[in-house]
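Working notes, structure below.
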2 protein chains.
Amino acid sequence: MGERYLKSVRLLAECLQGFERFVAEPVRRHGLTHPQFDIIATLGNTPGMTYKELGERTLITKGTLTGVIDRLEQKGLVERARNCDDKRSFLVRLTAEGDTLFRNVFPAVVAHGKQLFADYGDGDFEQLDHALRRLRTRLDTPGLVTPGGHVPADEG
Amino acid sequence: MGERYLKSVRLLAECLQGFERFVAEPVRRHGLTHPQFDIIATLGNTPGMTYKELGERTLITKGTLTGVIDRLEQKGLVERARNCDDKRSFLVRLTAEGDTLFRNVFPAVVAHGKQLFADYGDGDFEQLDHALRRLRTRLDTPGLVTPGGHVPADEG
DNA sequence: TATTGTTATACTCTATAACTATA
DNA sequence: TATAGTTATAGAGTATAACAATA
């Protein structure tokens, strides 16, 4: 404790948590959960993508992804299409209805969220992004020591 | 789309998501889920607090909280104590075992996370906090317009 | 052999609402 | 009447491992 960074992480958590709560309203209004919206938003304006790609972008593991996609498929918002290149995989893409939803919900969510940054100028965004980008870079860097005292690569 | 702030929010999400994944390792190693750790961390170094207080700090609703506390109680990490002032409520507090866990896990998690900010100087933290604080302030500000076009206070 | 996606399992979280006991 | 916490319900996400089809 007493570590300087904890304050920043707490702020970070409060901001994202607050933002997600703030944004959850229009999402839930359309009957979507957060992961479901994540999928819709990720598929929006694309020709579709494989489970693998979707999983990597949304950080949802494949076993879970099947369930989430199933529910979206039941709602008629996405569809699976055979991937000619690799018969093991599917392309998941928005249906016409899914695309309509995307075009309705996404701008609403964006507009809703935009208000929060009403008083941010270019400089403020730059400042924020700069600090965050460093952290993200650090997060992508392998070789950090785990609490056990060994590097992740050593582990089972 | 094309909104400037989306880039920042994406960064924000990636950072927190990445941080939580990074930190999840030591937490899970001790058999705790994220909400459970949240409770332990919140109760640490306190004489205990009520459900209401706990719920407000962790943003877990009371119905859910009962379940989370139940599981922690089954593990012998927290205990309920009658609140003399108000017989409707309990004080939830760490047991000796819970306190030991807190003292073991929390510093480990903190130390683990600290590495991410190894190259952040005072100025970097200030910059980050400054930008985040503005966003948080904005999130706490009522009266923002919802996608439906009316202010939240108008709703059911 | 490795990879893509599915299935099964078991648990946890979540929101919600009806309920109790106190206040 | 209002509040603190419980219980019941129903759904959704999660990790994990074993599995089929394909590469």
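Chain naming here is simple, since letters A, B, ... match the order of the sequence lines and numbering starts at 1 in each. Excluded from the calculations below are hydrogen atoms, water molecules and symmetry mates; all remaining heavy atoms, backbone and side chain alike, are included.
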Discussion item. Rounded to whole Å, how long is the line connecting atom NZ of B:Lys87 with atom C1' of C:dT20?
Written reply: 16 Å

Between protein and nucleotides 5-8 of chain C, what N or O pairs are separated by less than 3.5 Å?
| unit_1 | atom_1 | unit_2 | atom_2 | d |
| --- | --- | --- | --- | --- |
| C:dG5 | OP1 | A:Tyr51 | N | 3.4 |
| C:dG5 | OP1 | A:Phe90 | N | 3.2 |
| C:dG5 | OP1 | A:Phe90 | O | 3.4 |
| C:dG5 | OP2 | A:Lys52 | N | 2.9 |
| C:dG5 | N7 | A:Lys62 | NZ | 3.2 |
| C:dG5 | O6 | A:Lys62 | NZ | 3.2 |
| C:dT6 | OP1 | A:Arg80 | NE | 3.2 |
| C:dT6 | OP2 | A:Tyr51 | OH | 3.0 |
| C:dT6 | OP2 | A:Thr66 | OG1 | 3.1 |

Practice prompt. Measure the distance from CG on B:Asp86 to P on C:dT22 and round it to the nearest whole Å.
Written response: 10 Å

Worksheet, complete the sentence: When A:Ile60 and A:Cys84 are each assigned the nearest nucleotide of DNA chain D, the 5'-most assignment goes to A:Ile60

Discussion item. Holding to salt bridge (charged side-chain N to carboxylate O under 4.0 Å, His left out), I want the full list of residues that pass it with B:Arg93, two or more places apart in sequence or in another chain.
Written reply: B:Glu79

Discussion item. Can you confirm whether B:Ile69 sits close enough to B:Leu54 that some side-chain heavy atom of one is under 4.5 Å from a side-chain heavy atom of the other?
Written reply: yes

Discussion item. If I take atom CD1 in residue A:Ile69 and atom P in nucleotide D:dG13, what distance separates them, rounded to the nearest angstrom?
Written reply: 10 Å

Worksheet entry | Student check: side-chain heavy atoms of A:Leu12 and A:Leu135 closer than 4.5 Å | yes

Worksheet item: Would you call B:Tyr51 and B:Glu56 a side-chain contact if the rule is heavy atoms closer than 4.5 Å?
Response: no

Worksheet, complete the sentence: Judged by nearest nucleotide, the residue sitting upstream toward the 5' end of DNA chain C, A:Arg28 or B:Gln36, is B:Gln36

Discussion item. With a 4.5 Å cut-off on side-chain heavy atoms, are A:Val27 and A:His30 touching?
Written reply: no

Worksheet item: Looking for any heavy atom pair under 4.0 Å, which part of the strands does A:Asn83 touch: base, sugar-phosphate only, or nothing?
Response: nothing

Item to complete: Rounded off to whole Å, could you give me the CG-to-C1' distance for the A:Asp85 and C:dT3 pair?
Response: 15 Å

Discussion item. Rounding to an integer number of Å, can you tell me how far B:Leu32 CG sits from C:dC13 P?
Written reply: 10 Å

Pair up each side-chain donor or acceptor in residues 35-42 of chain A with any protein partner under 3.5 Å, not counting sequence neighbours, and list the distances.
| unit_1 | atom_1 | unit_2 | atom_2 | d |
| --- | --- | --- | --- | --- |
| A:Gln36 | OE1 | A:Thr33 | N | 3.3 |
| A:Gln36 | OE1 | A:Lys75 | NZ | 2.9 |
| A:Thr42 | OG1 | A:Asp38 | O | 2.6 |

Worksheet, complete the sentence: From CZ of A:Arg82 across to C1' of D:dA23 the rounded distance in Å is 14 Å

Practice prompt. Examine C:dT12: is either OP1 or OP2 under 4.0 Å from a nitrogen or oxygen in the side chain of B:Thr33? Give yes or no.
Written response: no

Item to complete: Provide, to the nearest angstrom, the distance between the CZ atom belonging to B:Phe37 and the P atom belonging to C:dT12.
Response: 18 Å

Worksheet entry | Rounded distance (Å) that lies between atom C1' of C:dC13 and atom NE2 of A:His34 | 15 Å

Discussion item. Take a 6.0 Å sphere around CZ of B:Arg57 and say whether it holds more than 12 heavy atoms from other residues, nucleotides or ligands.
Written reply: no

